There are 2 protein chains.
Amino acid sequence: MADPLSRVFSALADPTRRDIVARLAVADATVNELAAPYDVTVQAVSKHLRVLEDAGLVSRSREAQRRPVHLEAEVFDLMTKWIERYRRQAEERYRRLDDVLRSMPDADPPPPEENPR
Amino acid sequence: MADPLSRVFSALADPTRRDIVARLAVADATVNELAAPYDVTVQAVSKHLRVLEDAGLVSRSREAQRRPVHLEAEVFDLMTKWIERYRRQAEERYRRLDDVLRSMPDADPPPPEENPR
DNA sequence: CTCGTGGTCAACCCATCGGTTGAACAAAGT
DNA sequence: ACTTTGTTCAACCGATGGGTTGACCACGAG
């Protein structure tokens, strides 16, 4: 699975990984610190970090024997760009459909915003 | 994997699925139409649509024996909200770090931005 | 009623994923 | 030099994911 977008999306498809990102947004942390709250082994968390790193979401520097993990914000843009593009397109299409319905000879009463949100 | 956010992210972690979304942003389509461009079976595409549907990205209506697929834009917000939150936080943190560095009395030569990006 | 057509369900295959344990490596501290 | 602390590597395990084939169901056309 080479492509960057897939890597980012699937990296964030895991709750633990998202939580790690959330915590890294507050402050850098080491693997052990990150692993503490979860009841999985440190190795498991290390693997998670590897995934995040491969996705470009995170970087590890070296500082003594510690390896502080740092959140890399830029990659987010990749996603937001993709998402926004198709969201806009879909909404645009929705708006146009709306216009069409509105401009329709009132043959078929348009279901009056059936949307019980 | 119950939580909605995970479902959306992992739904979009697949290139084929993203492509389907991209095409549905232009116009609704049936399963067969959607399957045409790819060299996989219709069943495979049907499965993809199921995943997208479970993620709330897509809805299938019934129209004669056809089942047109429609892109649902709202779910995107879930993602963008999540992403934007942590991106802002990370950028904020970066900005603050910058300030700190700038306001530092040049006592201890701060490891001069050891960050060979 | 029967026959295409559009779509799904079911069972299976193999690769990947999240997790484990156990060993190894790297850099202090003693 | 030996030990401790932090981290990763390797091998394995069960579950899930994307794909297949083959049967099945729903519908409209003849």
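Keep in mind that what you see is a predicted model, and the values were worked out from it rather than measured.
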Exercise. When every nucleotide of nucleotides 5-16 of chain C is labelled 5' to 3' by its protein contacts under 4.0 Å (heavy atoms), B for base, S for sugar-phosphate only, - for none, what sequence of letters results?
Worked result: -SSBB-B-----
Exercise. Same cluster or not: are B:Tyr86 and A:Val51 linked, directly or through other Ile, Leu, Val, Met, Phe, Trp or Tyr residues, by side-chain heavy atoms under 4.5 angstrom apart?
Worked result: no
Exercise. What is the distance, rounded to the nearest whole Å, between atom CZ of A:Arg62 and atom C1' of C:dA26?
Worked result: 7 Å
For this session: Answer yes or no: is there a donor N or O on one side and an acceptor on the other, between the side chain of A:Glu91 and the main chain of A:Arg88, under 3.5 Å?
Result: no
For this session: Quickly work out the A:Asp54 CG to C:dC17 P distance and round it to whole Å.
Result: 10 Å
For this session: Establish whether B:Leu57 and B:Tyr38 are linked, either directly or via other cluster members, by ILVMFWY side-chain heavy-atom contacts under 4.5 Å.
Result: yes
For this session: State whether B:Arg87 and B:Glu84 are salt-bridged, where the test is any N-O pair (Lys NZ or Arg NE/NH1/NH2 against Asp/Glu carboxylate O) under 4.0 Å.
Result: yes
For this session: Walking along DNA chain D from 5' to 3', note the first and the last nucleotide with an atom under 4.0 Å from a heavy atom of chain A, and give both.
Result: D:dG6 to D:dA11
Exercise. What residue pairs, at least two apart or across chains, pass salt bridge (charged side-chain N to carboxylate O under 4.0 Å, His left out) with a residue in residues 6-25 of chain B?
Worked result: A:Asp3-B:Arg18
Exercise. Of all heavy-atom pairs between B:Ala11 and B:Leu52, which one has the smallest distance, and what is that distance?
Worked result: CB-CD2, 4.2 Å
Exercise. Do you know which two heavy atoms are closest between B:Val8 and B:Ala55, and how far apart they sit?
Worked result: CG2-O, 3.7 Å
Exercise. Is the A:Phe9 ring parallel, tilted or perpendicular to the B:Phe9 ring (thresholds 30°, 60°)?
Worked result: tilted
